[in-house]
Amino acid sequence: MKGIINSLWLIPALPLLAAGIIALMKRPQRKPAAALAIGSMALAFLVSCVAFVATLQPEAGKGAVQLTHNFAWFDLGGSALRLGWLLDPLTAGMLVMVTFVGSLIFIFSVGYMDHDENLTRFFGFLALFAAAMLGLLIANNLLFLFMCWELVGVASYLLIGFWFHKPSAAAAAKKAFITTRIGDLGFFLGIVWLYHETGTLLFYDNGAGCLEQGALTKLVTQTTVGGMAVSTAISLLLFCGAVGKSGQLPLHVWLPDAMEGPTPVSALIHAATMVAAGVFLVARVFPLMGAATADLGLEGHSPHTTALTVVTWVGACTAVFAALIAVAQNDIKRILAFSTVSQLGYMMLGLGVGGPAVGMFHLLTHAFFKALLFLGAGSVIHGSHHEQDIRRMGGLRKLMPITFAAYAVGMMALAGFPLVFSGFWSKDEVLHAAMIWSPSKLPFLLGLFGAVLTAFYMTRQMWFVFFAPRAESASSPGRAAHSASHHEPQGASSSPHESPRVMTLPLVILAVATVLLSLFATPVWPWFHAYLGGQLDHLQVGWSADSAAGLTMLLSVLAVALGVSASWRLYSRGKAGTDAVERLFPRLFRALQGRLYVDEFYAATVFRLNAAVAVLSDWADRFVWSSVVELAAWLAKGLAWLSRTLDESGINSGFDAGCVETRGAGGFASRLQNGQTQRYLRILGAGVVVLVVAIVWMGNN
């Protein structure tokens, strides 16, 4: 079992190698590039399965499996900077999910991107993206995790802006990259501070890691500004990175615009990779966020720490905020994008009130049904000749039966239809943990309201896409742009059609997986919780939930029923081509359609402030600092002139005059010292005469 840790690096290395080889391929080598990328992910999936099996057999009395491999990267003064990778249930579960879902997305891309001339480059970017995420998952070092984290950001920039000839795609790529960098600034400061306090960035290192008891005791007992524990301050800085990467308020604005990339990219970003990174980060550093003075053993966690309270409220507010906006969106992908933001809020809420098992199980189930929904949306877009406005669709359940059936499974899982869909159980766990969270019941109420909204907007989408009367076929700028990007043949039939098997097969597999996942976290058999805690040997079949769980389940079912019935009643009885909510609440609908004007608010405040600061900086540079520089230059010139004048007219003149006198005296002395003995005797005689005269004169006086 321990041998797998030495080979764990192969999981990210395989797609990274594929990305490197594809980068050297020529554009026409489409099939080899696709085969190489898919093959690398399939092999990574097999190695991930081996790693997963290794975590199923913990040693007796030691809890969950935790294997590490650390090594010195380079020497830093008298110490060495060490990196490493880690295998535990949290890592193993995520590895299997990312490689499995990623492989299906890669396969789907073969059909969806078939007409794109840059397919080779596309698969290279996909492989790079997957490699970065897999490297992030295995990291046992926060610096190593941060390097992969930034590589994920670079790959997302390349993929979101893949159709860079579209100004909207180029702008969306820049927006995503810059917005996430804002959060990453806080993340980086947290890393530096953590290293300063603990002297290491290794998570686990035989008791000396930054997430182990010795370091946590030091961080909890030290305080900083306002009496805040250092552990809390560092946790909040690290959480800034998660807010940016996982699209939480207020840095959520990049995620919906990321829909400008090809649909498989949307599926990869929103389901298996990028947005999952922020939630995974919070789960990974959870011992730090949940550490409290009274709970340094960390067998459990304190749900009342400041850091986890912030995570809870941010998650709850994000869940409702994004769900509200999704109600009024008309682009099929943007509805799912805001749905992702909302579900990420639920994951953060689950982490804050229930811990890693609650938040991470919702992440895993969401990865499957959200990948299913995005790929299903891609199938709809492909079959509808790249139409994305749901109001222009309708009646597709008969024209695209496989896509409809798979999409319906994903919709019901996301909406939380009871019992047989994994989304119901994972969402209910979040709501149950929020219900029993003692500081406040408001996060639970927000989560319950978000569940009603989720059922409402997903039923609305299903109605417009699959049930509403077929809208008149009409081209749109978005459709024309996508058609041009895909080089769709001229004169293609306007009638929608089912997608090819290479696209529908991943849908069927994901639909089956979405249902089967419901077996692993029911109160009857809470397998996932026991797995993360290393307690599979104590797992028992039977109802293990409290009375609050039953009440939560009942309220959740009522919420879903309310959302679905209200949406179906409004839209099925409304006029064709109109939106019932818009007709009833036009101002509210316009506000939600405008995303509650958050982008406009940033444009009116942050952007204007930035522009004003830029103008002020330019003015200061031109007229203040330039004047200071010119004044300094003139002062330097004046001092130089004065120095030269003193040197040339004073020092040099005096020195030159002294040199002339010295030279004259030396010339006179040299004439005396001419080597003629007779002259020396005459001078000596003259001197004797003068001496005698002087003596005589002095004697007479």
Side-chain angles (χ1 to χ4, degrees), residues 256 319-343 345-346 369 373 376-377 380 384 387-400 403-405 407-418 421 423-424 427 445-472 474 554-597:
V320 174
F321 179 86
L324 280 169
I325 296 176
V327 169
Q329 301 303 306
N330 296 318
D331 186 299
I332 187 172
K333 290 171 63 177
R334 289 186 185 274
I335 295 172
L336 297 179
F338 280 105
S339 168
T340 298
V341 176
S342 179
Q343 296 306 307
Y346 277 105
F369 62 71
L373 287 169
V380 169
S384 300
E387 179 62 70
Q388 295 186 199
D389 193 329
I390 61 174
R391 297 169 299 180
R392 296 177 180 270
M393 299 177 185
L396 295 185
R397 71 183 187 279
K398 295 180 180 179
L399 299 172
M400 307 179 69
T403 299
F404 165 67
Y407 202 90
V409 171
M411 174 266 173
M412 288 186 284
L414 174 59
F417 274 64
F421 297 100
F424 169 77
K427 179 200 66 178
L445 296 176
L446 290 173
L448 195 63
F449 181 51
V452 176
L453 293 173
T454 303
F456 184 91
Y457 67 71
M458 287 307 299
T459 303
R460 169 181 179 265
Q461 186 189 64
M462 288 293 291
W463 165 258
F464 273 117
V465 176
F466 296 104
F467 291 95
R470 178 72 184 152
E472 291 292 332
L554 175 61
L555 293 175
S556 178
V557 172
L558 293 176
V560 173
L562 176 61
V564 171
S565 60
S567 182
W568 189 266
R569 182 180 179 86
L570 283 174
Y571 287 99
S572 63
R573 297 185 179 185
K575 295 181 181 180
T578 63
D579 192 289
V581 177
E582 183 178 14
R583 188 173 63 254
L584 294 173
F585 309 101
R587 292 185 179 179
L588 176 61
F589 188 86
R590 284 195 296 272
L592 296 178
Q593 197 171 42
R595 311 181 194 181
L596 293 175
Y597 309 116

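Residues: numbered from 1 along the sequence shown.
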List for me each residue that meets ring pair (Phe, Tyr, Trp, His ring centres under 6.0 Å) alongside Phe321, sequence neighbours excluded, and say none if there are none.
His252
So, using side chain to side chain donor-acceptor pair (under 3.5 Å) as the criterion, who are the partners of Arg595 when residues are at least two apart?
Asp257
Side chain to side chain contact (heavy atoms under 4.5 Å, CB included) filter on Ala591, not counting sequence neighbours, yields Leu596, Tyr597
Partners passing side chain to side chain contact (heavy atoms under 4.5 Å, CB included) against Pro586 (at least two apart in sequence or in another chain)
Arg590
Side chain to side chain donor-acceptor pair (under 3.5 Å) with Ser342: which residues, sequence neighbours excluded?
none
Taking side chain to side chain contact (heavy atoms under 4.5 Å, CB included) as the test, write out the residues that go with Val465, two or more places apart.
Ile332, Val380, Ile390, Met393, Leu396, Gln461
Please indicate whether Arg583 has more than 12 foreign heavy atoms, meaning atoms of other residues, nucleotides or ligands, lying under 6.0 Å from its CZ.
yes
Residues two or more places apart in sequence or in another chain: which of them pass side chain to side chain donor-acceptor pair (under 3.5 Å) with Thr340?
His270, Lys370
How far does CG of Leu584 sit from CZ of Phe589, to the nearest 0.5 angstrom?
11.0 Å
Tell me, please, which residues at least two apart from Tyr407 pass ring pair (Phe, Tyr, Trp, His ring centres under 6.0 Å).
Phe466
Pairing residues for Ser556 by the side chain to side chain donor-acceptor pair (under 3.5 Å) criterion, not counting sequence neighbours
Lys427, Asp428
Return the CD1 to CD1 distance between Ile335 and Ile325, rounded to the nearest 0.5 Å.
12.5 Å
Got a sec, which residues hit side chain to side chain contact (heavy atoms under 4.5 Å, CB included) with Leu588, two or more places apart in sequence or on another chain?
Phe585, Leu592
If only atom types and distance count, is the side chain of Ser567 paired as donor or acceptor with the main-chain N or O of Gly563 below 3.5 Å?
no
Tell me which pairs pass salt bridge (charged side-chain N to carboxylate O under 4.0 Å, His left out) where either residue lies in residues 454-465, with sequence neighbours left out.
Arg460-Asp579
Roughly how far apart are Thr459 OG1 and Arg569 CZ, rounded to 0.5 Å?
14.5 Å
Going from CZ on Phe369 to CE on Met411, what distance comes out if it is rounded to the nearest 0.5 angstrom?
12.0 Å
Working to the nearest 0.5 Å, report the span between CG of Leu555 and CG of Leu562.
12.0 Å
Nearest 0.5 angstrom please: Tyr346 OH to Leu446 CG, how far?
9.0 Å
Could you pull out all residues at least two apart from Trp568 that satisfy ring pair (Phe, Tyr, Trp, His ring centres under 6.0 Å)?
Trp463, Phe467
